[in-house]
Amino acid sequence: MKRYSEAQKIYATYGVDTEKALNVLKNIPIAIHCWQGDDVIGFDSREALSGGIQTTGNYPGRARSFEELCADMDTAFSLIPGKKKLNLHASYAVFDGEPVGRDALLPEHFVKWVKFAKERDMGIDFNPTFFAHPMVRDGLTLSSPDEDVRRYWINHGKACLKIAEYFAEETGVPCVMNIWIPDGYKDIPADRLSPRLRFKASLDDILDTPYDKSKVYVTLESKVFGIGVESYTVGSAEFCLSYSDYKGITPLMDNGHYHPTEVVSDKISALLAFNEKIALHITRGVRWDSDHVVLLDDETREIAKEIVRNDALDRVFIATDYFDASINRISAWVTGVRSIQKALLDALLQPNEKMKKLQNESNFTELMVLSEEMKTAPLGDIWNEFLAREGIDSDYLVKIKKYENEILSKRA
């Protein structure tokens with residue numbers, strides 16, 4: 001408390017109210033991805049990952065069932081402060097009876113997930129799974145020249161819309177349903193337009209399905225390239241932004257899905273100028289979309305600042321998306337989500353109005369000095385106070401190691 005009190009006084013000299021920042025932070029929902037716990041394997045297929053997705057490493061203790069994944073997520077959630085949502089992929093359907101194809105999924109295949117979320121007072125975000133499946137033919141799904149392949153995945157998208165609406169109705173929290181496809185070519189294509197026209201037509205068909213737009217926010221996610229699709233991706237940034245605008249859905253940016261010199265933090269304000277809502281998948285790309293665990297690095301901080309300084313916390317859906325099989329998976333969850341929350345706290349503790357005023361007055365010298373001073377302000381003391389108020393220890397490795405020794409180490 002003494003450290004917090006002293007830090008509070010320091011921030012007050014910059015006109016920053018730490019109590020206000022803490023009260024805002026605890027109510028910012030972050031959708032936490034389930035697929036960190038099992039290396040994106042899911043429950044419905046044993047196909048190899050496709051579309052440029054890779055997990056590397058073989059750290060022991062991967063979740064192998066619904067029960068194990070839920071137990072691991074519960075352990076992670078107990079070490080993460082603040083408000084949470086569950087971010088779920090369609091490949092995590094739970095079949096108590098005969099399994100069905102992804103084109104025939106029903107809400108009943110996700111009843112256990114709804115029960116899990118409601119018991120923890122969480123909403124659910126959802127992702128159709130257009131990868132790691134026998135119907136991904138020649139690396140293509142919704143853009144395939146094969147009508148049977150396209151129809152299969154169109155039906156999958158339609159089914160997922162109904163499931164997303166079911167999630168929203170059951171939890172009372174709007175569901176963000178994100179569409180991302182892995183389609184592309186390894187080498188230079190002879191025809192770039194036709195796959196995109198087929199993708200557009202497929203999306204149109206999916207979105208012709210009636211759904212409650214107050215309950216389901218459909219988003220569309222682009223990608224620059226992936227392993228095996230290095231030369232061309234159908235769902236490029238330009239395509240996805242254009243389609244989102246054309247159809248009136250929500251654009252989603254994954255900060256691993258752009259060229260290395262591009263930063264999503266710079267794009268947020270551009271999208272906010274034209275969209276009521278936008279969505280983010282926050283990751284950490286190292287040289288490419290490698291989905292490393294999110295850290296409190298410069299880009300994560302800048303993303304948070306852009307959300308906060310533009311008063312857009314109620315306009316930006318924040319979700320995590322990374323998977324690391326080389327380290328303890330629960331620690332990966334906790335480290336990544338806490339890093340985003342620290343970045344948001346840092347953004348809330350900035351004298352944003354004063355900084356904007358200095359910029360508008362062209363007082364760039366003072367703006368630079370103030371910006372540098374804020375980098376060494378006692379963020380850690382305010383963060384530790386937040387953890388204390390949430391009843392969570394700052395040292396989470398002790399509990400994670402205990403869980404690893406007692407539970408994870410016993411998994412084959």
Practice task
Assess whether salt bridge (charged side-chain N to carboxylate O under 4.0 Å, His left out) is satisfied between Arg102 and Asp44, documenting all intermediate values.
Solution key: CA-CA 8 Å; Arg102 290 183 190 170; Asp44 74 340; 2.7 Å; yes
Fill in the blank from the handout: Checking Lys118, Lys112, Lys115 against Glu170 for salt bridge (Lys or Arg N to Asp or Glu O under 4.0 Å), the one that qualifies is Lys118
Problem - Side chain Ser290, main chain Gly285, donor-acceptor under 3.5 Å - result: no
Problem - Heavy-atom side-chain contact between Ser269 and Asn310 under 4.5 Å - result: yes
Problem - Ring centres under 6.0 angstrom apart (His109, Phe95) - result: yes
Completion exercise
Correct closest heavy-atom pair for Leu140 and Val149 would be O-CG1, 3.8 Å
Handout entry: Thr300 versus Leu295, closest heavy-atom pair with distance
Key = OG1-O, 3.0 Å
Problem - Side-chain heavy atoms of Thr18 within contact of Leu349, under 4.5 Å - result: yes
Fill in the blank from the handout: Distance col, row Arg309:CZ vs Lys356:NZ, nearest 0.5 angstrom, shows 8.0 Å
Exercise for the section: Answer whether the closest heavy-atom distance between the side chains of Arg137 and Asp148 falls below 4.5 Å. Expected result: no
Handout entry: Distance in Å, Trp153 CH2 paired with Thr129 OG1, rounded so as to fall on 0.5 Å steps
Key = 7.5 Å
Completion exercise
Closest non-hydrogen contact found for Ala168 with Pro174 is CB-CA, 4.3 Å
Handout entry: Heavy-atom side-chain contact between Ile382 and Tyr4 under 4.5 Å
Key = yes
Problem - Sub-6.0 Å ring centroid separation between Trp333 and Phe77 - result: no
Practice task
Tell me, yes or no, whether the heavy-atom count around Lys357 atom NZ, taken from other residues, nucleotides or ligands under 6.0 Å, exceeds 12.
Solution key: no
Practice task
For this output row, return yes or no: ring centroids of Phe167 and Phe126 closer than 6.0 angstrom.
Solution key: yes
Exercise for the section: May I ask you to decide whether Glu6 forms a salt bridge with Arg3, counting only side-chain N to carboxylate O separations under 4.0 Å? Expected result: no
Practice task
Go through the steps to decide whether His89 and Phe131 satisfy the test ring-ring contact (aromatic ring centres under 6.0 Å, His included), and finish with yes or no.
Solution key: CA-CA 11 Å; His89 247 290; Phe131 56 84; 5.3 Å; yes
Handout entry: Evaluation steps, side-chain contact (heavy atoms from CB on, under 4.5 Å), between Val229 and Val234
Key = CA-CA 10 Å; Val229 285; Val234 180; over 6 Å; no
Problem - Any side-chain heavy-atom pair of Asn328 and Leu408 under 4.5 Å - result: yes
Completion exercise
Taken to the nearest 0.5 Å, the spacing of Leu86 CG from Phe116 CZ works out to 6.5 Å
Problem - Which atom of Ala7 lies closest to which atom of Pro378, heavy atoms considered - result: CB-CG, 3.6 Å
Completion exercise
Tested for salt bridge (Lys or Arg N to Asp or Glu O under 4.0 Å) against Arg329, the lone hit among Asp324, Asp72, Asp39, Asp38 is Asp39
Problem - Separation of Asn275 CG from Ile249 CD1 (nearest 0.5 Å) - result: 10.0 Å
Exercise for the section: Determine whether the side chains of His257 and Asp289 contain a donor N or O and an acceptor N or O closer than 3.5 Å. Expected result: yes
Practice task
Specify the closest pair of heavy atoms between Tyr185 and Pro195, including all atoms of both residues, with the distance to one decimal.
Solution key: CE1-CG, 4.3 Å
Exercise for the section: Provide the closest heavy-atom pair for Ser326 versus Tyr59 in the form atom of the first, atom of the second, distance. Expected result: O-CD1, 3.6 Å
Exercise for the section: Have a look at Thr320 and tell me which of Val293, Ile30, Val294 forms a side-chain contact (heavy atoms from CB on, under 4.5 Å) with it. Expected result: Ile30
Which pairs would a plain distance check flag for residues 199-206, meaning a side-chain donor or acceptor within less than 3.5 Å of a matching protein atom at least two apart in sequence or in another chain?
unit_1: Lys200; atom_1: NZ; unit_2: Asp204; atom_2: OD2; d: 3.4
unit_1: Lys200; atom_1: NZ; unit_2: Tyr246; atom_2: OH; d: 3.3
unit_1: Ser202; atom_1: OG; unit_2: Leu142; atom_2: O; d: 2.8
unit_1: Ser202; atom_1: OG; unit_2: Arg198; atom_2: O; d: 3.0
unit_1: Asp204; atom_1: OD1; unit_2: Tyr243; atom_2: OH; d: 2.7
unit_1: Asp204; atom_1: OD1; unit_2: Tyr246; atom_2: OH; d: 3.4
unit_1: Asp204; atom_1: OD2; unit_2: Tyr246; atom_2: OH; d: 3.3
unit_1: Asp205; atom_1: OD1; unit_2: Lys158; atom_2: NZ; d: 3.2
unit_1: Asp205; atom_1: OD2; unit_2: Arg151; atom_2: NH1; d: 3.3
unit_1: Asp205; atom_1: OD2; unit_2: Arg151; atom_2: NH2; d: 2.8

Acceptor/donor pairs from residues 386-396 side chains to any protein atom, 3.5 angstrom cut, sequence neighbours excluded:
unit_1: Arg389; atom_1: NE; unit_2: Glu385; atom_2: OE2; d: 2.8
unit_1: Arg389; atom_1: NH1; unit_2: Glu19; atom_2: OE1; d: 3.0
unit_1: Arg389; atom_1: NH1; unit_2: Glu19; atom_2: OE2; d: 3.4
unit_1: Arg389; atom_1: NH2; unit_2: Glu19; atom_2: OE2; d: 2.6
unit_1: Arg389; atom_1: NH2; unit_2: Glu385; atom_2: OE2; d: 3.3
unit_1: Glu390; atom_1: OE1; unit_2: Gly82; atom_2: N; d: 2.9
unit_1: Asp395; atom_1: OD1; unit_2: Leu397; atom_2: N; d: 3.3
unit_1: Tyr396; atom_1: OH; unit_2: Thr335; atom_2: OG1; d: 2.6

Exercise for the section: Would you check if the side chain of Asp346 reaches a backbone N or O of Lys342 as a donor-acceptor pair within less than 3.5 Å? Expected result: no
